[in-house]
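Protein chains get the first letters and strands the later ones, always in sequence-line order, with residue 1 at the start of each.
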Amino acid sequence: MGLRLHNTLTKRVEELVTREAGKAAIYVCGPTVYDVTHLGHMRAAVVFDVLRRYLEFRGYQVMHVQNVTDVEDKIIARAQAEGVPTDAITVRYLEDYRQASRALNVMPPHVEPHASQHIPEMIEMIKKLVEGGYAYDAEGDVYFDVSRLPQYGKLSGQLPGELRAGARVEPGEHKRHPADFAVWKHAKPGEPNWDSPWGRGRPGWHIECSAMSLKYLGMGFDIHGGGDDLIFPHHENEIAQSEAYAATQPFARYWVHNAMVMVRGEKMSKSLHNYIAVADALGRFPADVIRYALAAVHYRKPMEVDEARLQDAAKAVDRLRIALASAETILARAGSRSTDGPASRLLRKAAESARTAFTAAMDDDLNTSSGLAAVFELAAEMNRVTDQVLKGGTDATETTPGLREAREALRTITAILGLRLDSAADEDLARRVRDLAVSLRQEAAQLFSEQPGQTLDEIVAFILAGREQARAKRDFATADRIRTRMAEAGILVDDLPTGPKWRIATDGRRPTADASGPRA
RNA sequence: GGCGGCGUAGCCAAGAGGCAAGGCAGGGGUCUGCAAAACCCCCACUCCCCGGUUCGAAUCCGGGCGCCGCCUCCA
């Protein structure tokens, strides 16, 4: 059995059967670039990134299209408030979004169409809608006539007659029905505008996604994704326009929606000003930790995000990192020698179980929580074996083939969730590590007369060598002082029977993090 | 008012008819100069409440209570 996904269209979990076998065409609603990127945006990005990575793992060739809304009321309002061109706003916040995505290891979409660059396609579409009688011109505004489309409401369950009367009509509008929505808006002074058969103006919000998804993926593409706050009216209206335009159904085969990120019981949003900016979160926690927190909860369940949640995530990520690092240590010790001993066979079995359990969990509507349970069980098995080796009960060489397999399984699975578990691959962490090196050089210079090397590894090794001398002399006061100061700098030292081992702290104790904390 | 979702241990969170995954926190132990990490053991007779169906329900049905989202821009 293959991947099953919850389809908002049917409100059921269904087996994914793509338009073309082995290929998956996905359109995800991207950001409106008018303000800083917050964790809510990144939840959507991470959810669909995990979907994409999992589809690829399952052998699909994925085509991922994600739009950028760069023509929109809020952008215009912000530009006017700041007295700058709208481009200045969209460029600034698109860059912010891209940085956040890159930091969180979100793969860039294959195509990233901008609304502003697809005006002709939208006009073309609107023309055909007007010709077909699905849309009407009302003094320079063009509205979609929802009464013309029998299937209107099939996604959201919102039927035109039941929409709260008058709720959507603003003064100066000339809609025939309250549920009709704008596909073209006449230009107001100072707004970006384009020529059209209905006079100068700009497209309505929904039309861009119809025009761009159809252009790059075509009618009947596989998965349309986005936040569940987009179900109505945005996605309902996309369906209406697209199916009226194409005169066929369906516009998209599966509709996948992620639930919202919550802050103290309320949806995190720009308009409520209760958001945590990704840039701020990254100042306090490594990307892996944020990514873990966002991916660990099932995507259709609203999730609360706060400091405590991120602390928990940091501990969980640490556990995986330590399991991996310990395995590397044992593998390095075993070198090329290997015997497929009992420990090795046990690990091979554990790796196989983990892969099977993870795949089963992910096949079931991307059940990442359940999948993570499999990951932790594997990590525990690896730890049991490495523990035995470190305690001298098992020879490292007896673990090798199985341990290698277990390590690969752990790497493969966590990579699907987008975790790197490796400081070097984490841009933000790497930057912090460089800062650490600088502060530690000063620290080392105070502690010892000799000068350490340049890299963090060299510096830490230098300090730890000095500390070991103190320990050998049973000068524990000095040894403990050094360990404490290193911890303050963000380097945690574990004195194992085999000697000291260090790691970079992943919790909130970040040496270079500014103290401002998340916005609230 | 309409549409939809959720309520599982101190916290987070899977499970959706057959002995309640996993993470964090907590308690005890092994190891250790100490700390940390790791490992071992313990930590929900019970899943918001009340009825019902069933040999059997956290899971199905009915009725409550509480919370949230959408119906206006939103990931």
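Between the CZ atom of Arg471(A) and the C1' atom of A35(B) there is a distance of 10 Å, given to the nearest Å. The distance from atom CG of Asp180(A) to atom C1' of U72(B) is 16 Å, rounded to the nearest whole Å. For Arg300(A) and G69(B), the CZ to P distance is 19 Å, given to the nearest whole Å. Residue Met362(A) contributes atom CE, which lies 19 Å from atom P of G22(B) at whole-angstrom precision.
Among the nucleotides A37(B), C39(B), C70(B), the one closest to the side chain of Ala380(A) is C39(B). The side chain of Leu496(A) sits closest to A37(B) out of A37(B), G2(B), G23(B). Counting only heavy atoms from C-beta on, Thr32(A) has its side chain closest to A75(B) among A13(B), C39(B), A75(B). Closest to the side chain of Ala316(A), from the set G69(B), G23(B), A21(B), is G23(B). Looking at the side chain of Arg503(A), the nearest of the listed nucleotides A36(B), C71(B), A75(B) is A36(B). Listed candidates were A38(B), A14(B), G22(B). Nearest to the side chain of Phe376(A) is G22(B). Here A14(B) is the nucleotide among C73(B), C3(B), A14(B) with the atom lying nearest to any side-chain atom of Ser370(A).
Side-chain to base pairing of Arg43(A) with A75(B): no donor and acceptor N or O lie closer than 3.5 Å to each other. Residue side chain Asp495(A) reaches the base of C34(B) through a donor-acceptor N/O pair under 3.5 Å, judged by distance alone. Between the side chain of Arg483(A) and the base of C34(B), at least one donor-acceptor pair of N or O atoms lies under 3.5 Å. Judged by distance alone with a 3.5 Å cut-off, no donor-acceptor contact links the side chain of Asp228(A) to the base of G5(B).
Between Asp96(A) and Arg92(A) there is no salt bridge, since none of the side-chain N atoms of the basic residue sits less than 4.0 Å from a carboxylate O of the acidic one.
Ile231(A) comes within 4.0 angstrom of nothing in the nucleic acid, heavy atoms only. Residue-level contact check: Lys270(A) touches the backbone only, with heavy atoms under 4.0 Å from sugar-phosphate atoms and none from bases. Among the heavy atoms of the strands lying under 4.0 Å from Asn258(A) is at least one base atom, whether or not backbone atoms are also near. Here Asn383(A) lies in heavy-atom contact (under 4.0 Å) with sugar-phosphate atoms only. In this structure, His234(A) reaches neither bases nor backbone, as no heavy-atom distance under 4.0 Å exists between it and the strands shown. Nucleic acid contact class of Val493(A) (heavy atoms, under 4.0 Å, all strands): base. Using a 4.0 Å heavy-atom cutoff across all strands shown, Met262(A) reaches sugar-phosphate atoms only and no base atom.
Summary of the strand contacts: Asp494(A) and Val297(A) both lie near RNA chain B, and taking for each the nucleotide with the nearest heavy atom, the more 5' one is attributed to Val297(A).
In this structure, a donor-acceptor pair under 3.5 Å is present between the side chains of Thr69(A) and Glu208(A). Side chains of Ser369(A) and His298(A): a donor-acceptor N/O pair is absent below 3.5 angstrom, by distance only.
Base pairing of A21(B): no nucleotide in any strand meets the Watson-Crick or G-U wobble criterion (both distances under 3.5 Å).
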Between the protein and nucleotides 25-30 of chain B, are there any N/O to N/O pairs under 3.5 Å, and if so, what are the atom names and distances?
| residue | atom | partner | partner atom | Å |
| --- | --- | --- | --- | --- |
| A25(B) | OP1 | Lys315(A) | NZ | 2.3 |

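When each of Phe232(A), Phe181(A), Trp184(A) is paired with His206(A), the ring pair (Phe, Tyr, Trp, His ring centres under 6.0 Å) condition holds for Phe181(A) and for no other.
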